Amino acid sequence: MPGMTSAPVLTFTNVSFTYRGDWLNRIHALKRVDLSVPRGSAYGFLGANGAGKSTSIKLAMGLLHGHKGDITLLGEPIGDHRLRARVGFLPEQPFFYDNLAVGEYLAYLGHLSGLHGGTLSAAIERVYQLLDLGDLRARKLGSFSKGMRQRFGLAQAILHRPDLLVLDEPFSGLDPLWRARFKEVMALERTRGATLFFSSHILSDIEDLCDSYCVIDHGEVLEQGRLADLLGQAPLQLTASGAPAAGATVAPDGTWQLTFPESRRAEVLGALPPGAVLRLERQRIALEDYFVNRVKAHHGAGTRLGGES
Amino acid sequence: MIWVIASATMRESIRSKAFLGLLALYLVAVLLSRIAGWISGTDGDVVTTSIVFSLQSIFGVLVAVATGTALVQTEIQQKTLYTILSRPVKRWHFVLGKFLGLSGSLIAGQVIMVLIGLVYLRATGAQVTGWALLAGLLTMLEVLVMASVSLCWTALTTPLVAVALCLATYALGHAVGELPNLLYHLHGVKLLLCSALAALVPDLSRFVYRDLALHQIPITAADLAGRVVYGLLWISLFVTITTVVFRRKQL
C-alpha cells in the first residue's frame, strides 16, 4: 500500500441527507453515515442500486447541498472549492459536450483544474497514452460509444494528477479488455500516490483493487474496514493423516479434512501429532455471497435490495 | 475561469445543430423576403428591407431561446456539468461563463445575419444606410436580453416550459411598449398596479429601431445610450437571478 498513512482523505461524520421532493415525498437517501477513507488506500464503496453510493459521492464533490453532519475532504471541510483542484471525479455514465473534440475538451477541463502551457500539454499526452486516446484527439465526443466515453471520463479524472480519485461505477460499459486496462491505470494512479475511492456493485473489481471497503444499504453503512480483515475471517481448511479429529471428513485414501474458524487454530493444531498436517489453507470468501447475505441479514431475507427510501 | 467556460460554451453552441440549422433557415427566409417585396408592388425595396431586419430579430431570438434553454438543462440532465463543477469552479463562475459563451455565439450569429442581410439587400438594389447598422446593434441587444431570459427560465423550470415562458416574455416584452397608450383611462391605484406589473417585463420595443432606421430617422446618442443601459440592466438582473437559483440547485 504505497504512501498509506492513517490520515483520512475523505470523512463522513454522522451525515444524513434528504432529497427535497414535494414535502410529502421526501427521500431519506443517507442516514447518519460515518465513513473514513484512509490516505493512499483503494477504498471500495459497495452497495446495491439506490443504496446511497452516488448520493454520498455527489455530497463529497459539492454537487448536492443541505446535508446534516460533517464531511471533510483532504482534511478540510468541503466548503472550500479550491480543494477540488486536488480531486479527480468520474461520474456514473458520464456524458460530455457533443461538439467538442477530445483534445480541446481535455484542454478545457485541464485549464479549469489549473493546468496551463507545457504542463497541460504533458498531462494531455500522458492520458492519451494511458487510455489510447491519441488517435481520437480530433474526434468529437458526440460520436463516442458508451465505453469510449468511459475512457474519456477516466482520462479527464486523472488529467491533473489528483490526490484523491473518486470514481462512480468506473467499469460500467467496458469490455473485458478495457476493464483490465482500467484496473492497470487505477493501480498506476495509486502507485503515484493517489487515493482511490470508487463505487461498484461488481464485487470482483473491489476484490481485485481494494484494501478497504464499506457496505452501504438503504442509506446506512452496514460495515466498513480492511478487506484483508474480512477475508481473514474465512475459515481454515485442514488436510491431515492419522486419527481423524472429531467432525472431520475422511477420504478413501485415509486422509481427512476439517474446516474450523481461525479462533480454533491453536486448539485443533495442538491436538495433532507431529507430521500429521498435510495442508492448511484458508477458504476463500466469495465476496458476492458475503455481500448479498450481509444485506439480506440486515433487512431480513426476501426484502428488496437497495432502493432509496 | 469564467472566460475558459465562456470559450468552451461558445465553441459548443456555435457548432450545435440548432444554431447552424436556424442560421440556414434565416438564409432561406432572407432569400424569400423578396417575394413579399414583389407582392407589395410599390415600395418593394422598403418592404424587403423591413422584412430582412425583422428576420434578424426573430431568428436571433429563436437561436437565443433554443440554445439558451438547452444550455443549462442539457448540462443538468446529461450531467456534463459534473466534470466541471467537481473542479475548483464556483457555481456563479459557471453561470456567468455559460451566459458569456452563449452571448458570444449569439453575437457571432447576429453579425453573420447582418452581413447576409446587407449583402442580399445590396445585391437586390435596396438602399441601406449606416442607421441600419445601428438598428442591427439594438436588435443584437434585444437578443442578448432574451438569452438572459431563457437562461433564467431554464434555471427555474423544465426546458419545455422555459421555451413557452421565453416566447411569452418576448410577446409581452413587445406589448408593454404599447401599454401607456392602453392605460389612458386608468387612474390612481389601478394605474399604479398596472404600471408596476408592466415594469416586471423588459420593454423589448425599446430595442426596435429598425422601422425608423429604414426611413433614416436619426437616433440621438443619449437615446441610444439609454436603451443600451436599459438592456444591460435587465441582462444583469436575469443573470443574477439565475446565479442565485443555480447556487441552491441540487445536481
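As the structure is a prediction and not an experimental result, all values here were calculated from the model. Just so you know, these numbers use all the heavy atoms, side chains as well, and skip hydrogens, waters and symmetry mates.
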Anything under 3.5 Å between chain A and chain B that's a donor-acceptor pair? List each one with its distance, please.
residue : atom : partner : partner atom : Å
A:K58   : NZ   : B:Y82   : OH           : 3.2
A:G62   : O    : B:R91   : NH2          : 3.4
A:L63   : O    : B:R91   : NH2          : 3.1
A:L63   : O    : B:L251  : N            : 3.1
A:H65   : N    : B:Q250  : OE1          : 2.8
A:H65   : O    : B:Q250  : NE2          : 2.8
A:H65   : NE2  : B:R91   : NH2          : 3.3
A:R84   : NE   : B:L85   : O            : 3.0
A:R84   : NE   : B:R87   : O            : 3.3
A:R84   : NH2  : B:L85   : O            : 3.4
A:R84   : NH2  : B:V89   : O            : 3.3
A:Y97   : OH   : B:E75   : OE1          : 3.4
A:Y97   : OH   : B:E75   : OE2          : 2.3
A:Y97   : OH   : B:K98   : NZ           : 3.0
A:D98   : N    : B:E12   : OE2          : 3.4
A:N99   : N    : B:E12   : OE1          : 3.0
A:N99   : O    : B:R15   : NH1          : 2.7
A:N99   : ND2  : B:E12   : OE2          : 3.4
A:E104  : OE1  : B:R11   : NH1          : 2.8
A:E104  : OE1  : B:R15   : NH2          : 3.3
A:E104  : OE2  : B:R15   : NH1          : 2.5
A:E104  : OE2  : B:R15   : NH2          : 3.3
A:L109  : O    : B:R87   : NE           : 3.1
A:S113  : OG   : B:R87   : NE           : 2.6
A:Q156  : O    : B:R87   : NH2          : 2.6
A:Q156  : OE1  : B:R87   : NH1          : 2.9
A:Q156  : OE1  : B:R87   : NH2          : 3.4

Heavy-atom contact with chain A under 4.5 Å, split by part of B:I14: neither
Among A:P91, A:G142, A:G66, residue most engaged with chain B (heavy-atom pairs, under 4.5 Å): A:P91
Spacing of B:I84 atom CD1 and A:F96 atom CZ [to the nearest 0.5 Å]: 10.0 Å
Whether over 12 other heavy atoms sit under 6.0 Å from B:L160 CG: no
Residue A:R192 excluded, over 12 heavy atoms near CZ under 6.0 Å: yes
